[in-house]
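None of these values were measured; they are calculated from a predicted model. Quick note on labels: first sequence line is chain A, next is B, and so on, each numbered from 1.
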Amino acid sequence: MAMVRVRFAPSPTGTLHVGSARTALFNWLFAKHQDGTFILRIEDTDQKRSDKIFLKDITSSLTFLGIQADEGPYFQSERLAVYQEQVQRLLDSGKAVKEAGAVVFPVPAEEVTFHDLLHGDITVDTTLFERLVLMKSDGLPTYNFACVVDDALMQISHVIRGDDHIANTPKQVVLYRALGFSIPAFAHIPLIVGADRARLSKRQGATAVAEYRQVGYLSDAFVNYLALLGWSPGGNRELVSREELIQAFDLSRVRKTAAQFDQQKLDWLNSQHLKRTSVERLAELFAERLIAKGWLSNDYDRDWLKRITQLLHDRMRVLSDLEEENAFFFQDIPAYEPEAVANFLSGEPIVQQLIELRSRLGLLDSFDTTAVESVVRGLVAEKSLTAKALIHPIRVALTGRSVSPPLFEVMSILGKDRVLRRLEHATQLTAHR
RNA sequence: GUCCCCAUCGUCUAGUGGCAGGACAACAGCCUUUCGAGCUGACAACGCGGGUUCGAUUCCCGCUGGGGACACCA
């Protein structure tokens with residue numbers, strides 16, 4: 001069986017886009033599935049728009065996704081001699097001509113048919129594009145020419161790319177033939193679109209893989225989601241590991257319809273992957289983020305962070321929920337949401353209850369969850385309150401918010417000193433209202 | 001405008017010439033100290049018109065709708 005060789009060929013003129021990432025993923029899965037070779041090729045022939053900063057973004061995003069190249073990266077800007085040699089062949093045979101500082105290829109009028117693994121045969125009339133520029137007047141090759149030369153010389157067996165390239169393919173086929181190269185198999189996969197069904201754009205949220213990474217999507221979850229956009233493993237499977245994806249991937253199961261990017265489903269998948277991540281691993285991810293943010297020092301208390309991790313493990317959607325929703329763990333005095341304070345921390349009875357609670361908690365030797373819970377419940381019983389009537393105010397007093405992880409755990413993790421300090425702060429806050 | 005591609009719940013999808021399945025979301029209920037957590041439930045789709053066929057969501061044609069491409073960008 002012929003060796004499978006595929007490539008992902010981004011141009012460094014922007015950050016790695018979700019759509020490109022999905023194309024890279026399909027290529028990679030296809031290669032891995034049949035033990036083939038995945039090649040990275042950087043198409044940097046647009047001198048004006050290419051930038052090293054984008055190259056960096058692309059490679060780090062691919063690394064994040066766990067998509068590593070078996071070969072490359074090759075840079076088209078370093079292969080000028082190759083293109084010149086090929087273009088010379090066309091000039092020598094009279095198939096290409098020089099014109100105003102560029103080399104162009106007059107396309108003979110004909111019907112070109114190529115086979116697509118998803119779409120079947122596609123036929124196009126070449127009079128639609130009568131001539132193709134091969135070498136620009138700046139001496140660099142055009143996309144269609146460089147792409148054909150590279151795919152042929154790199155012995156790419158399958159060209160898997162977005163279906164926005166369907167219109168380029170007949171142009172490339174014409175060039176393959178003129179150069180006497182054999183034509184690879186093509187598979188044009190559907191685009192990923194935004195909520196408005198048009199091409200995914202920044203207007204409807206993040207488009208760069210790096211942004212999703214920053215927000216805190218797990219590599220495996222993001223890959224899982226991307227794989228499900230336009231493909232499915234069958235058998236009603238949705239939550240799929242990287243290994244299972246490789247095992248199951250098959251171009252024949254790729255759909256032909258553009259898929260809409262749905263962040264809610266991505267969130268759900270991420271929460272599922274988060275639940276399947278070990279507490280130890282999750283704590284490491286937490287520490288990285290917190291240290292980067294300056295909320296945690298390098299010699300942090302590992303057991304303490306692990307307790308927080310355990311608590312949040314099953315109830316978060318993205319890693320940034322840690323900083324967004326649970327900042328109170330890492331602050332001296334939390335930020336108080338005005339609405340939460342207004343709803344739960346007003347009135348003299350509450351002040352008295354919090355003062356009473358504070359003095360009772362002050363007597364505790366052990367501040368474990370059951371100890372603090374029994375103090376709170378004891379007070380509830382004595383004052384003939386409902387649990388809610390006391391728990392909600394305590395929550396706001398300690399976290400500044402009306403929503404938090406289970407309160408008694410939170411109290412125990414915060415520890416006696418901070419709980420007492422915050423209760424005092426909150427009673428003053430309340431008394432002043 | 002021209003050419004090309006596409007068409008199953010709101011969204012991602014499964015599926016078959018013979019009862020259209022799953023997931024997310026939204027909704028309802030339950031549980032609960034709150035919740036973005038958990039559990040349960042109900043709702044929800046084959047774009048339209050012709051053919052072929054005993055029978056079409058499935059095959060064919062047309063229409064409509066959507067998208068993409070029409071650069072010395074990639």
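The phosphate of G38(B) (OP1 or OP2) has a side-chain N or O of K275(A) nearer than 4.0 angstrom. OP1 or OP2 of U8(B) lies within a sub-4.0 Å distance of a side-chain N or O belonging to R255(A). The phosphate of U33(B) (OP1 or OP2) has a side-chain N or O of R377(A) nearer than 4.0 angstrom. Of the side-chain N and O atoms in R237(A), none sit less than 4.0 angstrom from OP1 or OP2 of A14(B).
The same atom, C1', is picked in U8(B) and in A14(B); the two are 10 Å apart, to the nearest Å.
Within 4.0 Å (heavy atoms only), P406(A) reaches at least one base atom of the nucleic acid. Base engagement by L407(A) is indicated by at least one non-hydrogen atom pair under 4.0 Å involving a base atom. Among the heavy atoms of the strands, none lies under 4.0 Å from F129(A). Residue R253(A) is in sugar-phosphate contact alone, with no base atom involved, counting any heavy-atom pair closer than 4.0 Å across all strands shown.
Outside the 6.0 Å centre-distance limit, the rings of W304(A) and F286(A) are not counted as a close aromatic pair. Taking the six-membered ring where the residue is Trp, the centroids of F249(A) and F26(A) are separated by under 6.0 Å.
Residue K256(A) places its side chain closer to C6(B) than to any other of C6(B), U34(B), A25(B). The side chain of R395(A) has U34(B) as its nearest neighbour among C12(B), U11(B), U34(B). Comparing atom distances between the N236(A) side chain and each of U11(B), U34(B), G22(B) picks out G22(B) as nearest. Out of C3(B), U33(B), A7(B), the shortest distance to the side chain of V124(A) is found at C3(B).
By the 30° and 60° cut-offs, the orientation of the rings of H119(A) relative to H188(A) is tilted. Using a 30° and 60° split on the angle between ring planes, Y217(A) and F222(A) fall in the tilted class, from 30° to 60°.
Checked by distance alone, K265(A) brings no side-chain donor or acceptor within 3.5 Å of a matching partner on the base of A25(B).
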Original post:
Which parts of nucleotides 67-74 of chain B does protein reach within less than 4.0 Å, heavy atoms only, written one letter per nucleotide 5' to 3' as B for base, S for sugar-phosphate only and - for none?
Top reply: SSS--BBB
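Shown here is L363(A), whose CG atom has more than 12 heavy atoms of other residues, nucleotides or ligands within 6.0 Å. Enclosure of atom CD in E339(A) is not indicated, since only 12 or fewer non-hydrogen atoms of other residues, nucleotides or ligands lie within 6.0 angstrom. Heavy atoms of other residues, nucleotides or ligands lying less than 6.0 angstrom from CD of E130(A) number 12 at most.
Two residues, A259(A) and D321(A), neighbour RNA chain B, and the one matched to the more 5' nucleotide by heavy-atom proximity is A259(A).
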